[in-house]
Novice: 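I am attaching a structure below and will ask some questions about it afterwards.
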2 protein chains.
Amino acid sequence: MLKDGDELKHDLSLTSDASPTESDVIHPSELTEPPATSEAPLPKNAFSVLLSSSKDLSKKRPLPPSSSTDPPDPTKRTHPPNWRGCLLPYLTFPHIYPPTTVLRHTPSFVTIFDAFPKATIHLLLLPRDPTVNTLHPILALNTHPSLLSSSKSEVQILTPLVQKELRRRFGHLSKTQIAHTSSPDTVPERIYPLKIGIHAHPSLTHLHIHIITPDMSSPSLKHNKHYNSFTTPFFIPLEDFPMAEDDYRRKHPGRDEESGEVYLKGDMRCWRCGRNFGNKFKALKEHLEKEKEEWLAE
Amino acid sequence: MLKDGDELKHDLSLTSDASPTESDVIHPSELTEPPATSEAPLPKNAFSVLLSSSKDLSKKRPLPPSSSTDPPDPTKRTHPPNWRGCLLPYLTFPHIYPPTTVLRHTPSFVTIFDAFPKATIHLLLLPRDPTVNTLHPILALNTHPSLLSSSKSEVQILTPLVQKELRRRFGHLSKTQIAHTSSPDTVPERIYPLKIGIHAHPSLTHLHIHIITPDMSSPSLKHNKHYNSFTTPFFIPLEDFPMAEDDYRRKHPGRDEESGEVYLKGDMRCWRCGRNFGNKFKALKEHLEKEKEEWLAE
DNA sequence: GAATCATAAC
DNA sequence: GAATCATAAC
Ligand SMILES: Nc1ncnc2c1ncn2[C@@H]1O[C@H](COP(=O)(O)O)[C@@H](O)[C@H]1O
Ligand SMILES: Nc1ncnc2c1ncn2[C@@H]1O[C@H](COP(=O)(O)O)[C@@H](O)[C@H]1O
Ligand SMILES: [Zn+2]
Ligand SMILES: [Zn+2]
C-alpha cells in the first residue's frame with residue numbers, strides 16, 4: 001500500500017511529461033464545498049462527488065453535454081451488454097466530462113471519481129496507452145516498467161490533491177491538524193493514509209488503479225465482496241510492483257479461481273481495530289461509521 | 001388518508017383519558033436539533049431518530065438501560081424466532097426506552113419511532129389493549145368502535161407534534177412557511193400532509209398504525225414492496241374506518257393472497273407526479289430525493 | 001419485519 | 001461492475 005508522504009513525493013510542477021489541459025487542475029477557487037461534519041448540501045467543486053454513488057445521494061452524476069455524437073453516460077445502463085468496457089468513454093473523451101466526474105487528464109492518464117465510491121474518497125487512475133491498458137493489471141504492471149513508473153509519478157501528483165481535499169473537509173475534526181493550525185512551525189500537517197492499488201481480478205476491462213481512503217464508509221459499499229476486495233490480499237498495493245519472481249500473486253488468482261474467491265467470501269475484519277465481523281455486514285457498516293469518526297479525529 | 005388540519009383537530013389538553021407520564025411530552029427545550037438542509041450532526045431530542053434506520057446512519061438505536069431483567073432491544077436479532085412479536089417489549093415496558101425510541105406513552109397507547117423508517121418521519125402508534133391489539137387490524141378497527149375512536153383521538157395529539165417538528169426542521173425551506181413568518185396574521189402556517197393508516201397484511205403481530213410523511217425518502221426504504229406498501233391500496237387510511245359493509249378490503253387481502261401481492265409487486269409510481277417507474281427501484285429512489293426537495297419548498 | 005446469499009440479464 | 005428478484009433462517 002502506497003502511503004502519501006513516501007519518498008516519491010515531489011513537487012507538482014516537476015511531474016507531468018505534458019502540460020495538463022485547462023481543466024486538469026483543481027483551482028482553489030473551485031474548492032467551495034464547506035467543511036462538513038456530516039455531508040454538506042450541494043457541493044460544486046471537482047472533489048464534490050466523493051462520498052457515495054450519485055444514485056444513492058440523488059446527486060446525479062453529471063452527464064456529458066448532450067449531443068448525438070457524445071458517448072453515453074458510462075454510469076447509466078444504456079450500453080450493456082458491453083458493461084465491462086464502461087471505462088472506455090472516459091479514456092476516449094475525457095474532456096467532455098465535468099470536473100466532478102473527470103478530476104484530471106493528461107495525454108497518459110485520466111483520473112476519475114469512482115461512480116460507486118467505496119469510501120470517503122475513491123478515485124480511479126486510468127492509464128491511456130491502449131497497448132497495455134487492456135492487459136491483466138498484474139501482468140501489465142509487472143512487465144511494463146514505463147507503465148509502472150509513469151503510474152507512480154501520476155500518483156505523486158494526485159495524492160497531494162487528495163490530502164488537500166481531506167484536510168479541507170475534515171481537518172477541523174483532526175487533533176493533529178488542529179495542533180498544526182495552532183503551531184504550524186512545530187506540528188506538521190496531518191497526512192491521511194491512502195490505499196493505492198489494483199484488484200487481483202478486476203471486473204472492468206480497462207486498467208484502473210484505485211486511490212481510496214481506508215475508511216470503507218460509503219453508501220455504495222453494499223456487500224462483503226465490496227469490503228473484502230479492498231481489505232484482503234485481493235487488493236494489491238501499487239508499491240508491491242514489480243513483484244518478486246516467486247510472488248504467489250503473479251498467478252493473479254481471480255474471483256473465478258478458488259484462491260481469489262476465498263478472499264472475497266471470507267470473514268470481514270475491521271480495517272482499523274481488526275475485529276472479526278464474520279458475515280455480519282450490517283453490523284460492520286455500523287461499526288465503520290464509528291471508526292471513521294474516530295479516525296478523522298486522530 | 002387522514003390529513004392534519006382535519007375537523008377532528010382539537011387541543012392537546014382535551015385529549016387524553018389519562019395524564020401522560022413524565023416523559024410523554026416533548027418539551028420545547030428538548031427540540032435542540034438544528035434545522036437542517038441535509039442531515040444535521042448528532043441530534044438529541046425525541047424527534048431525532050426520524051430519518052433512516054439507526055443501522056444505516058450508525059446512530060445506534062438507544063438500548064434500554066441494561067440489566068438482566070430488561071427485555072432485549074427489539075431491533076436486534078437477539079430474540080427470534082419470535083420476530084413477529086418484536087413490538088411487544090414497547091407495549092410492556094414503554095418507560096424503559098429513551099424518548100428517541102418511545103415518543104410518548106399513555107395507559108392506552110405507546111407511540112414509537114419506527115426502527116426502519118420509510119420516510120422522513122415515521123411513527124408507529126401501538127394500542128395497548130391486549131384484548132384487541134393482536135386481532136387483524138382490519139377486523140379490529142372495523143368491529144371495535146372504542147379502539148377506533150381512541151386511536152383517532154391519540155392521532156389528534158400526535159399530528160400537531162409532527163407538524164411542529166416538520167416546521168422546525170424544514171420550515172425554513174418552505175415558501176408557505178416563510179410567507180407565514182413574514183405575515184403571521186394573513187398567511188397561515190404550512191400544514192404538511194401525513195399518511196396515517198395500516199397495512200392490509202402486516203408482518204408484525206401487534207396492531208400498529210403508521211404515521212408517516214408522504215415523501216418515501218429514506219435509506220431504510222430498500223425495495224419495491226416497501227414503497228408499494230405505503231402508496232397503493234395495500235395501505236388503508238385510518239379515516240376509512242369503519243368500512244362500509246361491502247368494502248372489498250374487509251376481505252383483508254394480504255401478501256399471501258393474490259389481491260394483496262398484486263399491489264406489492266406492481267409497478268411503482270411516484271407519489272407526487274404519478275410517473276411510472278415500473279420496477280426501476282434505484283431510478284425511483286433518485287427521483288424521490290428530488291421530489292422531497294421540491295415538496296419541502298412548497 | 002430485516003439480513004445474508006445466490007442468480008439472471010444488462 | 002450494478003440492479004432486480006427469489007430464497008433461507010432468524
Ligand atoms: N461507469 C462507471 N464509471 C466509473 N466507475 C465505475 C463505473 N462502473 C463501475 N465503476 C467502478 O469501477 C470499479 C471496478 O472495480 P474492479 O473491476 O473490481 O477494480 C469499482 O470501484 C466500481 O465502483
Ligand atoms: N424492532 C422494531 N422496532 C420498531 N419498528 C420495527 C421493528 N421491526 C420492524 N419495525 C417496523 O414495523 C413496521 C412493520 O410493518 P408492517 O407489519 O408491514 O406494518 C415496519 O415499518 C418496520 O420498519
Ligand atoms: Zn474497528
Ligand atoms: Zn415524481
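Chain naming here is simple, since letters A, B, ... match the order of the sequence lines and numbering starts at 1 in each. All values below come from the heavy atoms of this structure, side chains included, with hydrogens, waters and symmetry mates left out.
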Novice: Excluding sequence neighbours, so at least two apart, what forms side-chain contact (heavy atoms from CB on, under 4.5 Å) with B:Phe281?
Specialist: B:Leu221, B:Met268, B:Lys285
Novice: When you compare the ring of B:Phe116 with the six-membered ring of C:dG1's base, are the centres less than 5.5 Å apart and the planes under 30° from each other?
Specialist: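 It does not: the ring fails the test against the base of C:dG1.
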Novice: Are B:Arg272 and B:Asp215 within salt-bridge range, i.e. N to O under 4.0 Å?
Specialist: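 Answer for the salt bridge query: no.
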Novice: Distance check needed: C:dG1 P versus B:Phe113 CZ, whole Å only.
Specialist: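 Answer to the nearest Å: 21 Å.
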Novice: Is the ring pair A:His223/A:His226 parallel, tilted or perpendicular, if the boundaries are 30 and 60 degrees?
Specialist: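 Parallel, since the angle between the ring planes stays under 30°.
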Novice: Is the shortest distance from a Lys or Arg side-chain nitrogen in A:Glu286 or A:Lys280 to a carboxylate oxygen in the other one below 4.0 Å?
Specialist: no
Novice: So, is A:Lys222 close to the C:dC5 phosphate, meaning a side-chain N or O under 4.0 Å from OP1 or OP2?
Specialist: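 Checking C:dC5 against A:Lys222, no side-chain N or O comes under 4.0 Å of OP1 or OP2.
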Novice: Does A:Asn224 have a side-chain nitrogen or oxygen under 4.0 Å from the phosphate oxygens OP1 or OP2 of C:dC5?
Specialist: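 Result: yes.
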Novice: From the list C:dG1, D:dG1, C:dA3, which nucleotide is the closest neighbour of the side chain of A:Lys282?
Specialist: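 Closest of the options to the side chain of A:Lys282: C:dA3.
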Novice: Would you say C:dA2 has OP1 or OP2 under 4.0 Å from some side-chain N or O of B:Lys118?
Specialist: yes
Novice: Give the stems involving DNA chain C, where a stem is 3 or more consecutive Watson-Crick or G-U wobble pairs (i with j, i+1 with j-1, and so on) under 3.5 Å.
Specialist: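 Ordered by first number, the stems with DNA chain C amount to none, as no run of 3 pairs exists.
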Novice: Would you say a side-chain N or O of A:Asn279 is under 4.0 Å from OP1 or OP2 of C:dC5?
Specialist: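 For A:Asn279, the contact criterion (side-chain N or O under 4.0 Å from OP1 or OP2 of C:dC5) is met.
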Novice: Can B:His105 and B:His95 be counted as having a side-chain donor-acceptor contact under 3.5 angstrom?
Specialist: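 No, no side-chain donor-acceptor contact under 3.5 Å.
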Novice: Can you check whether B:Trp83 stacks with the C:dA2 base, using ring centres under 5.5 Å and planes within 30°?
Specialist: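 Ring-base stacking flag not set for B:Trp83 and C:dA2.
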Novice: Cation-pi between B:Lys195 and B:Phe230: NZ/CZ under 6.0 Å from ring centre and within 45° of the ring axis?
Specialist: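 No.
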Novice: Does B:His226 place a side-chain N or O at less than 4.0 Å from the phosphate oxygens OP1/OP2 of C:dA2?
Specialist: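 It does, given that an N or O in the side chain of B:His226 lies less than 4.0 Å from OP1 or OP2 of C:dA2.
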